[in-house]
2 protein chains.
Amino acid sequence: MQQPLAYLVQSAERYCEQNRQRLTPNRRDVLAILVDSHMPMSAYDILDAMRSKQPSVKPPTIYRALKFLQDAKLVHSIESTNQFLVCSHLEHPHQPQLLVCQVCGRVEEIPLSEHMQAHLNESAKEHGFHLIHHAIELHGICQNCQ
Amino acid sequence: MQQPLAYLVQSAERYCEQNRQRLTPNRRDVLAILVDSHMPMSAYDILDAMRSKQPSVKPPTIYRALKFLQDAKLVHSIESTNQFLVCSHLEHPHQPQLLVCQVCGRVEEIPLSEHMQAHLNESAKEHGFHLIHHAIELHGICQNCQ
DNA sequence: TTAGGTAGTGTAATAACATAACGGTTTATG
DNA sequence: CATAAACCGTTATGTTATTACACTACCTAA
């Protein structure tokens, strides 16, 4: 379910090559922290984790790294909980659909079906709306917590 | 597109009767402010508007009223922008789908098609997920802004 | 090789969003 | 009128996110 760090790093490096950017220590550390946690984390959760090794880190450092990781499609943001999550479907381009458990706080990412994607595009088109990206977040109770 | 206040108030009163609650001045004022704005507003936007007539109002008052209005299905929250919006489809029960314009900031609410609804339920079911509610927010550029 | 541009960083300050906790008031109902 | 539930005001604080500015690191082309 969870991508290994090495694979994510590889993907990050590819992104960097294509965009004149660099996978710096800050960015790598934030990614590693998110991978290690196996849970969605808030920016301040990440900040706390960073501080255990580098006490002077401040919020903008985290938000900048998260921005990079989101642009590189390695991390998704969860709008309804203000958290961040490592992408679990790097293998193909996708828009995420998130299943957010209200009990344990875990979030499962599932790829949005092509059918759904088509429907969303269709409904946007009907309203003359130029669609750029979307957030689809389902809240409920996961299998484990039932 | 926008519901008239009278209709919303009527609907609020029906909700109150059924739930031993009251449409108090605070709640009515917050609703009226949202209706008047014709735009999504943040809680603090609403707070500022309230203060022009009642300078001592504080954040909890707004958040409480918003909670009531959301429970009564008169107002939707927009997770990705931390804003609130008067519901524009009171006529039938629905889960909202929101089209958020990145240029003008306006948000159009469209009813989620039954087809989409069915698909979402299906995908939740496949993953053993007990679905309670969802947020579907499409970001892009609206017709006016293109 | 060095000048200049872009990417990236550190830091302080603050903005923006949201809730906890408390004690008191209002309202409906028996 | 006694009671319980809903509602409110207020203080304080917690949480999330950004602005702004000065600086450093790195790449590339003259």
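Labels below follow one simple rule: chain letters A, B, ... track the order of the sequence lines, proteins then strands, and each chain is numbered from 1.
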Check which hydrophobic residues are tied to B:L112 through side-chain heavy-atom contacts below 4.5 Å, counting indirect links as well, and list them.
A:L99, A:I110, A:L112, A:M116, A:L120, A:F129, A:L131, A:I136, A:L138, B:L99, B:I110, B:M116, B:L120, B:F129, B:L131, B:I136, B:L138
Which residues share a side-chain contact (heavy atoms from CB on, under 4.5 Å) with A:S11, sequence neighbours left out
A:R14, A:L74, A:L90
Could you list the residues that satisfy side-chain contact (heavy atoms from CB on, under 4.5 Å) with A:S80, not counting sequence neighbours?
A:I78, A:E137, A:H139, B:E79
In B/S/- notation (B base, S sugar-phosphate only, - none; protein heavy atoms under 4.0 Å), nucleotides 7-20 of chain C written 5' to 3' is SSBBBB----BBBB
List for me each residue that meets salt bridge (Lys or Arg N to Asp or Glu O under 4.0 Å) alongside B:R28, sequence neighbours excluded, and say none if there are none.
B:E13
Any salt bridge (charged side-chain N to carboxylate O under 4.0 Å, His left out) involving residues 54-71 of chain A? Give me the pairs, sequence neighbours left out, ordered by first then second residue.
A:K67-A:D71
Residue set satisfying side-chain contact (heavy atoms from CB on, under 4.5 Å) with B:H38, at least two apart, ordered chain then number -> B:Q2
Could you tell me which residues satisfy side-chain contact (heavy atoms from CB on, under 4.5 Å) with B:N26, sequence neighbours excluded, listed by chain and number?
B:T24, B:M50, B:Q54, B:T61
The first and last nucleotides of DNA chain D lying within contact of chain A, meaning any atom under 4.0 Å from one of its heavy atoms, run from D:dT16 to D:dC26
